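Here's the structure, in structure tokens; my notes come after.
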Amino acid sequence: MKTEKLYPFNEIEPKWQKFWRQNRLFNVDTADAKNKYYCLMMFPYPSAALHVGHGRNYIIGDAVARYKMMRGFNVLTPMGFDAFGLPAENAAIKGALHPEESTLGNIRTMKEQFNKWGVEYDWEREVISCMPDYYKWTQWIFAKLYEKGLAYKKKAFVNWCPSCKTVLANEQVVDGGCERCSTEVTQKDLEQWFLRITHYAPRLLKDMGKLAEWPERVKIMQRNWIGESRGVEIDFRIDGMEDVLRCFTTRVDTIYGATFMALAPEHPLVSKLIKEAKDEEKLSREIQRMRNESKIARSDADVEKEGVFTGRYVINPVNGAKIPLWVANYILMEYGTGAIMAVPAHDQRDFDFAKKYDLPIVVVIDDPKSPLDANSMKEAYVGEGVMANSAQFNGLSSTDAVERIADYFEEKKFGKRSVQYKLRDWLISRQRYWGAPIPIIYCRECGIVPVPEKDLPVLLPHDVEFRPTGESPLKSSSRFVNTKCPKCAGPATRETDTMDTFVDSSWYYLRYITPKLNDKPFDPALVNRWLPVDQYIGGVEHAILHLLYSRFITKFLCDIGWVSFDEPFGRLFTQGMITKNGVKMSKSKGNTVSPDELINKYGADTVRLYTLFIGPPEKDAEWSDRGVEGAYRFLGRVWRLLEKGHRVPRPTPHQSQGPSKEAIDLKRKTHQTIKKVTEDLDGGFHFNTAISAVMELVNQSYDSLPHAESDASVRAVLSAAVEMVVLLISPFVPHISEEMWQRLGKKSSIFKVAWPSYDASALAEQTVTIVVQVNGKVRSRLEAPSDISDAELKEMVMADPKVLQYAQGKAIKDIVVVPKKLVNVVLA
RNA sequence: GCUGGAGUGGUGGAAUGGCAUACACGCUGGUCUCAAAAACCAGUAGCCGAAAGGCUGUGUGGGUUCAACUCCCACCUCCAGCACCA
């Protein structure tokens with residue numbers, strides 16, 4: 001389609017972009033934290049080209065920053081790049097540039113794109129996580145964690161991606177596959193570094209109470225991920241052995257119904273338990289087979305339950321009953337204690353297992369609606385009910401019994417109350433090149449020694465064979481590996497794994513405050529004045545990983561006295577995805593929309609306006625090129641409104657006898673619009689309705705143009721309305737607004753102007769339209785003075801011919817009056 | 001399975017107890033034009049009707065209320081997260 005140029009955006013936009021930079025509109029002096037507003041957008045991974053879906057995040061953030069500026073805040077909006085990571089390395093392996101070159105190149109491209117969008121930042125604070133002056137402090141944080149016992153190394157079964165040839169955190173395994181390449185994840189037994197995030201599980205959960213301004217869905221996801229369960233740990237004696245088996249249950253009310261016990265195949269006592277069994281070899285082979293099944297296959301709920309009897313029995317502490325001890329594939333070593341008491345009558349998994357292996361089923365909680373019979377049950381009864389077959393607890397409600405039995409257990413020392421979490425410690429070592437080296441040295445004499453602060457950063461060597469082999473590429477550099485022990489100066493070797501990039505991004509928001517400091521990660525005094533972040537904006541895909549890790553690191557830094565707050569982000573906004581043809585835009589699906597072409601054709605303001613107008617920003621939205629044209633037409637309309645307003649011939653002065661109805665109406669609309677836009681921006685991020693409100697004002701201004709020719713009062717109100725339109729859209733479409741502002745004869749940048757406030761008296765209406773209903777159906781409308789009394793209004797309504805027509809011959813039961821809005825006549 | 005979120009014209013959406021469909025896209029007709037584009041004007045939920053007007057209508061079925069897209073109960077569908085978590 002051929003498009004006419006509706007206004008000279010191609011001249012205007014570069015002009016004002018240059019102006020903002022020259023006038024340092026977005027550069028902040030952090031020494032002055034008075035009235036501060038820290039507006040943070042999630043920093044991106046530097047990819048080759050941004051599409052319009054990426055743009056939503058930055059456009060929203062830019063609009064918020066500009067709005068807050070006009071509200072008089074000292075707004076800090078920094079930007080940086082989450083620059084370590086696999087894609088750059090994988091590209092390099094395919095024979096492209098070194099990761100550093102491609103990353104820095106991509107950063108340059110992205111900054112140009114931000115520029116063209118009119119998305120401005122305080123670039124003097126730019127943070128790039130792959131630069132030594134940044135990762136020096138990522139390493140410093142690791143060293144601090146190590147010092148406090150919160151970073152540790154252990155051999156563990158870990159998630160291994162055979163394609164990326166690296167381990168993955170639990171959070172990075174999606175549907176059993178690698179989050180990057182979807183290759184099925186396998187298990188590998190490796191020595192790995194972990195961060196003890198589980199230590200913070202209770203606080204990460206409890207402090208969510210402080211996050212009132214976070215989206216509920218994000219909090220729910222984090223809560224589920226942390227996965228707290230309250231229950232009881234119970235010790236079962238093993239018949240004929242000294243050892244004790246501890247299990248965890250949330251359903252201690254079912255303890256009298258435990259008919260067997262089951263262990264995870266990986267349980268450390270398994271081999272000892274089967275040692276003297278007569279068919280030990282066969283047993284051990286079976287158990288080995290269960291272990292070898294991948295965790296992914298095993299964790300599928302549809303997988304057939306399997307197990308073997310160990311030949312041993314344990315003693316139920318409440319009644320001394322001897323119950324058989326099994327090893328079963330559905331028991332997870334990672335959760336609880338890796339051992340469960342099985343109650344087939346009241347747990348579906350145990351029920352399935354008992355049916356398969358013909359184990360007894362004992363009902364201990366009866367269904368109050370229909371009594372249960374263990375022989376004929378088709379599925380486990382998992383609801384609440386009345387205690388049965390449970391000695392002194394019979395007759396209690398099962399909910400009471402949970403507490404009563406827990407008390408009894410603690411009294412008798414059979415066990416104690418306990419809390420379990422699904423959250424696992426954070427596995428951070430990666431056998432890859434493009435990441436921050438873990439600052440650890442192994443000395444034959446001194447063991448594991450963290451690199452002292454004065455020796456940081458541990459530089460990532462440039463010349464390395466980084467093709468993945470399953471071993472860390474850094475191992476290939478003997479210059480890197482061989483070093484001296486910082487303690488004894490003896491020969492030593494370096495850790496060759498690098499850190500998960502989520503470590504880099506878990507603290508970047510602190511670095512922006514003092515980005516160039518080289519003797520500290522940040523200046524605590526300033527950071528404590530500027531943080532928590534006032535508004536954080538980003539994609540919901542980071543609801544768990546990045547946000548949880550950042551909360552963890554902040555709490556840690558708070559505990560060691562480096563910051564005085566324990567939650568980093570006050571308000572969080574997560575924008576929805578932009579889709580094309582119903583699916584997320586991505587290069588691989590070939591459905592991306594490039595902003596460059598659109599900006600050339602319509603200008604950046606059009607792309608910004610459409611992006612904000614497309615729908616509620618927290619929801620996903622389908623991109624429409626037609627919609628872009630609509631936004632463009634609107635800007636053209638605003639542009640012409642300004643010109644037409646100027647060209648209206650001046651009315652002859654003799655008509656100036658006070659404001660006309662048109663003038664009062666337009667003035668009211670103007671102030672209603674100020675109110676609506678302000679409330680839409682303050683109350684949430686309702687850009688779409690704010691923009692439609694301004695569109696209405698523009699439409700009404702056009703309608704008043706003919707009146708302005710003959711009526712001086714309309715002319716005056718119209719020019720005020722036009723000025724307001726420009727101010728109200730300026731955070732959304734900054735270039736055209738600056739230009740129009742200048743053409744209105746204003747001297748300063750529009751973003752230095754105070755946001756308008758509305759005049760409540762201008763909102764008042766002299767007459768209102770009253771909707772008249774008969775039996776709840778709209779039958780008529782009346783114009784009435786806005787200060788009319790209820791009684792007078794009723795009288796007016798009852799005189800309305802329409803109402804009379806319907807009311808004829810019927811008794812009036814009631815007349816409901818909603819002042820200034822509606823009257824409902826209720827007929828019998 | 002569990003936990004959230006959502007379901008409104010041809011489309012994106014607006015309205016959180018009081019005029020359902022604001023605003024925009026699309027479409028139809030018109031003005032201007034040799035023609036087109038742009039701009040401007042009018043129309044645009046469905047059904048009946050020449051019209052006036054009437055009836056129906058916010059996923060489905062019930063309920064509360066003078067009044068329900070909005071609140072309550074049950075269900076259906078879609079999306080997202082989690083999922084053998086004891």
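From a predicted model like this one, the values you see are computed outputs, not experimental measurements. Every chain is numbered from 1 and lettered A, B, ... according to where its sequence line falls, protein lines coming before strand lines.
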By the 4.0 Å heavy-atom rule, please label [X] as base, sugar-phosphate, or nothing.
X      : value
A:F613 : base
A:E622 : nothing
A:K777 : sugar-phosphate
A:F260 : nothing
A:D350 : nothing
A:Q348 : nothing
A:I220 : sugar-phosphate
A:G630 : sugar-phosphate
A:R223 : nothing
A:K802 : sugar-phosphate
A:N699 : sugar-phosphate
A:V826 : sugar-phosphate

Fill in: Cationic N near anionic O, under 4.0 Å, A:E403 to A:R417
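Here A:E403 pairs with A:R417 in a salt bridge, since their nearest N and O are under 4.0 Å apart.
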Worksheet item: Using the glycosidic torsion, which applies to B:G13: syn (within 90° of 0) or anti (everything else)?
Response: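 Because its glycosidic torsion lies more than 90° from 0, B:G13 adopts the anti conformation.
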Nearest-Å distance, [atom1] ([X]) to [atom2] ([N])?
X      : N     : atom1 : atom2 : value
A:D352 : B:G1  : CG    : P     : 15 Å
A:D625 : B:G26 : CG    : C1'   : 14 Å
A:Y806 : B:C66 : OH    : C1'   : 17 Å
A:L728 : B:C23 : CG    : P     : 18 Å
A:M695 : B:C23 : CE    : P     : 10 Å
A:K422 : B:A86 : NZ    : P     : 6 Å
A:L612 : B:C25 : CG    : P     : 17 Å
A:I691 : B:G12 : CD1   : C1'   : 13 Å

On a whole-Å scale, what distance lies between the [atom1] atoms belonging to [N] and [M]?
N     : M     : atom1 : result
B:A37 : B:G29 : P     : 12 Å
B:C72 : B:A83 : C1'   : 31 Å
B:U70 : B:G18 : C1'   : 11 Å
B:U11 : B:U58 : P     : 16 Å
B:C25 : B:C34 : P     : 28 Å
B:G10 : B:U77 : P     : 23 Å
B:G7  : B:C69 : P     : 14 Å
B:G12 : B:U64 : P     : 34 Å

Worksheet item: Would you say the base of B:C19 and the side-chain of A:K821 have a donor-acceptor pair closer than 3.5 Å?
Response: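 Checked by distance alone, the answer is no.
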Worksheet item: Does A:N824 make a side-chain donor-acceptor contact with the base of B:C66, cut-off 3.5 Å?
Response: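 A donor-acceptor contact between them is present.
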At less than 4.0 Å, is any side-chain N or O atom of [X] found next to OP1 or OP2 of [N]? Yes or no.
X      : N     : result
A:R251 : B:A86 : no
A:R633 : B:A37 : no
A:Y7   : B:A38 : no
A:R640 : B:C40 : yes

Test item: side-chain donor near acceptor, [X] and [Y], under 3.5 Å:
X      : Y      : answer
A:E662 : A:S704 : no
A:Q222 : A:R551 : yes
A:Y330 : A:D350 : yes
A:T689 : A:D680 : yes

Measure from the side chain of [X], starting at C-beta and using heavy atoms only, and say which of [options] lies closest.
X      : options             : result
A:M221 : B:G81, B:C19, B:A86 : B:G81
A:V818 : B:G18, B:A15, B:G13 : B:G18
A:R637 : B:G18, B:C40, B:A20 : B:C40
A:Y330 : B:C23, B:C84, B:C25 : B:C84
A:V771 : B:A86, B:C55, B:C19 : B:C19
A:N224 : B:A86, B:U3, B:C19  : B:U3

Considering Watson-Crick and G-U wobble pairs with both distances under 3.5 Å, what does [N] pair with?
N     : answer
B:G17 : none
B:G29 : B:C41
B:C84 : none
B:A68 : none
B:A52 : none
B:C75 : B:G59

Could you pull out the closest heavy-atom pair between [X] and [Y], with the gap in Å?
X      : Y      : answer
A:Y602 : A:Y7   : O-OH, 4.4 Å
A:H267 : A:G338 : CD2-O, 3.5 Å
A:W639 : A:P8   : CZ2-CD, 3.7 Å
A:F248 : A:E233 : CD1-CG, 4.1 Å

Item to complete: Kindly say whether A:I405 contributes a backbone atom to a donor-acceptor pair with the side chain of A:D253 at under 3.5 angstrom?
Response: no
Discussion item. Heavy-atom nearest nucleotide on RNA chain B for A:T689 versus A:S229: which residue maps closer to 5'?
Written reply: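 Its nearest nucleotide being more 5', the pick is A:T689.
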Fill in: Of A:R781 and A:G227, the one whose closest RNA chain B nucleotide lies more 5'
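So the residue in question is A:R781.
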